[in-house]
Amino acid sequence: MSAHKPATRGRRTVARHGELSSPHPVSLILKVIGVVLAVVMVSGAGVAAYAAYDLTSGLTEDAIALEGQDAVPPDIGAIEGGVNLFLAGTDACEPEYADLFGDRCTGADAGGELNDVNMLVHISDEPRRVTVVSFPRDLMVSIPECTREDGSTSAAMDYQPLNTAFTVGGLNCVVKTISQLSGMNIPFAAKVTWGGVIEITDAIGGVEVCLASGIKDPYTGIDWPAGNREISGMDALQFLRTRHGVGDGSDLGRIANQQQYMSRLARKLISDEVLADPATLYRLATTAVDNVTPSQSLTNPLTLVQIALAVKNVPFDEIVFAQYPVAEDPWDANKVVPDEAAADELWSALAANEPVELSGEIGSNGGVVAGDDTEADAGDTEATATPTPEATGEATAAPTEETIELPSSITGSTAAQSTCSNGNLRGSD
């Protein structure tokens, strides 16, 4: 996309701020939850679908059609080929939560709904790997013509903030925009609102996050000292929303902070604390069904199980959280534009099913720093381990896959790495 100076517009659009030898099927689905999101958690619906079939009516009631995407015929076993699944977090002011968000829901910014969190989850074909690509909300992109839920059509537009795509044409339009930007077909999608995040993170229970230094952010009400902190519900949402309190105060720093939460949530969700507690599993299942809006292609519970089976043995060091590469917008210092050359290297590696290695910083714009409790693999090592050549006496060929080192402008970390929020106490200063 070539950036060009936009016409002056009066409306402010971006001020808002997933016995060991045979793991239980529910545990496989929970691994998807830790991998896929943390913020949106579409695969929580998979837990519900597997745990209680009669809950699936809650999935289909408000399901959203994606243009050109039909439901995938379910089969027994893991889904074939690669999987692309898009997850959006929106800032809807639902009546039961509106009083929690001040001016956003009662002042000049009230009304409308923006897609402020945007993540593409790519599950590769065999050998399975997971790459979660986060897109900045202030990324200036071309938005294609879209069919809205009411059947009307929105006009194509150039040079628009990504987080306006939902306002323009709903979840389908966000998916079409990301598909156009990435060149990838995206058959699955889901969205969750602020209220949904509160309910889902409450159902999971606390997730311990690491604060390398204190965080103070008057916009979200956070004023927390350095150290480890267990968060859930409203605290978890505000931690995911904060940008003024971490790094340089930008949305790019916030993405790095969100990636910390995703990694730590993934570890918790496959721990005995969750898997061994049926009450927690069922509470998570029912809450996810009530608070996630999926695409129609995700409403079949068997499809969700198939996606879960596809990632059941992916080790944490093969789960990569990456930020889409950007450059400063020459027309607006508060916006960014695609770094297309770097992005092309990422998309080419994923299309060729090549393992990727991040060479950039562990988090963009100072949002996080490295922690000290990195996990080599938090999966079921006894269940997934294979005999070594020494144990079997057989010779094996050397690995033939070449790891692709991504450009340094693509920042992020793996789920095996530990990061800590790089807070600042400046707040709005």
Exercise. Step by step, work out the side chain to side chain contact (heavy atoms under 4.5 Å, CB included) result for V132 and V320.
Key: CA-CA 6 Å; V132 182; V320 176; over 6 Å; no
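- Formation of a donor-acceptor pair under 3.5 Å by the S263 side chain with backbone atoms of Q260 is not found in this model.
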Self-check item: F188 and F86: CA distance, side-chain angles, deciding distance, side chain to side chain contact (heavy atoms under 4.5 Å, CB included) verdict
Solution: CA-CA 6 Å; F188 306 111; F86 182 79; over 6 Å; no
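- Exactly one residue among D138, N118, D116, N115 makes a side chain to side chain donor-acceptor pair (under 3.5 Å) with N163. That residue is D116.
- Side-chain atoms of W347 and V133, non-hydrogen and from C-beta on, do get closer than 4.5 Å to each other.
- A donor-acceptor contact closer than 3.5 angstrom is absent between the side chains of S142 and Q160.
- The nearest pair of heavy atoms linking A322 to L358 is CB-CD2, 4.2 Å.
- Without hydrogens or angle criteria, S232 side chain to G206 main chain gives no donor-acceptor distance under 3.5 Å.
- Annotation: the span from S250 atom OG to N365 atom CG amounts to 3.5 Å, rounded to 0.5 Å.
- Looking only at distances, a side-chain donor or acceptor of T164 sits under 3.5 Å from a matching main-chain atom of P161.
- The main-chain N or O of A189 is found under 3.5 Å from a side-chain atom of S295 such that the two form a donor-acceptor pair.
- Side-chain atoms of V246 and N422, non-hydrogen and from C-beta on, never get closer than 4.5 Å to each other.
- Checking T90 against E113 by side-chain atom types alone, a donor-acceptor pair falls below 3.5 Å.
- Counted within 6.0 Å of CD on E318, heavy atoms from surrounding residues, nucleotides or ligands total more than 12; the atom is thus considered enclosed.
- The backbone N or O of C173 lies less than 3.5 Å from a partner atom in the side chain of T177, making a donor-acceptor pair.
- A distance of 8.5 Å separates CZ of F321 from CE of M119, quoted to the nearest 0.5 Å.
- Of all the heavy atoms in L171 and A88, the pair that sits closest is CD1-CB, 4.0 Å.
- Between atom OH of residue Y324 and atom CG of residue L120 there is a gap of 11.5 Å, rounded to the nearest 0.5 Å.
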Practice problem: Quick one: do I186 and I178 satisfy side chain to side chain contact (heavy atoms under 4.5 Å, CB included)? Show the steps, please. | Solution: CA-CA 8 Å; I186 305 173; I178 296 299; 3.8 Å; yes
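- Between the CZ atom of R229 and the CG atom of L211 there is a distance of 7.5 Å, given to the nearest 0.5 Å.
- Across all their heavy atoms, V121 and V130 have their closest contact at CG1-CG1, 4.1 Å.
- Taking the centre of each ring, Y97 and W194 stay at or above the 6.0 Å mark.
- The closest side-chain heavy-atom distance from V197 to L240 is below 4.5 Å.
- Donor-acceptor pairing under 3.5 Å is lacking for the side chains of S134 and Q258.
- Considering all non-hydrogen atoms of both residues, G233 and T201 come closest at N-OG1, 3.0 Å.
- No side-chain N or O of Y159 forms a donor-acceptor pair with one of D332 less than 3.5 Å apart.
- Looking only at atom types and distance, the side chain of R148 has a donor-acceptor partner in the side chain of S152 under 3.5 Å away.
- Atom OH in Y219 sits 15.5 Å away from atom CZ in R104 (nearest 0.5 Å).
- Of the possible donor and acceptor atoms, none in the side chain of T242 sits under 3.5 Å from a partner among the backbone N and O of Q238.
- The heavy-atom pair separating S213 from A226 by the smallest distance is CA-CB, 3.6 Å.
- Looking at heavy atoms from C-beta onward, L181 lies in side-chain contact with P338 at the 4.5 angstrom threshold.
- Considering CD1 of I222 and CH2 of W224, their distance stands at 4.0 Å, rounded to 0.5 Å.
- Between the side chains of D339 and S409, at least one donor N or O lies within less than 3.5 Å of an accepting N or O.
- Under a 3.5 Å cut-off, the side chain of S124 and the backbone N or O of R129 do form a donor-acceptor pair.
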Self-check item: side chain to side chain contact (heavy atoms under 4.5 Å, CB included) between L66 and Q296, intermediate numbers included
Solution: CA-CA 7 Å; L66 301 181; Q296 292 178 355; over 6 Å; no
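- The shortest distance between side-chain heavy atoms of L114 and T167 falls below 4.5 Å.
- Here the side chains of L237 and F101 are in contact, with some heavy-atom distance below 4.5 Å.
- Within the 3.5 Å criterion, the main-chain N or O of A415 finds no donor-acceptor partner in the side chain of D317.
- In summary, of the residues considered (P144, C146, S154), a side chain to side chain contact (heavy atoms under 4.5 Å, CB included) with V168 occurs for S154 alone.
- Using modelled atom types, one finds no donor on one side chain facing an acceptor on the other under 3.5 Å when comparing N353 with D125.
- Checking side-chain atoms of D223 against main-chain N and O of K216 turns up no donor-acceptor pair under 3.5 Å.
- Nearest heavy-atom pair across V368 and A256 is CG1-O, 3.5 Å.
- Using a 4.5 Å heavy-atom cutoff, the side chains of L87 and K191 are not in contact.
- When side chains are defined from C-beta on, V141 does not count as touching V337, because their heavy atoms never get closer than 4.5 Å.
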Self-check item: Criterion salt bridge (Lys or Arg N to Asp or Glu O under 4.0 Å) on E230 and R264, from CA distance to verdict
Solution: CA-CA 11 Å; E230 191 167 278; R264 292 178 181 271; over 6 Å; no
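- Checking side-chain atoms of T411 against main-chain N and O of Q323 turns up no donor-acceptor pair under 3.5 Å.
- For E354, the CD atom counts as densely surrounded, since its 6.0 Å shell holds more than 12 non-hydrogen atoms of other residues, nucleotides or ligands.
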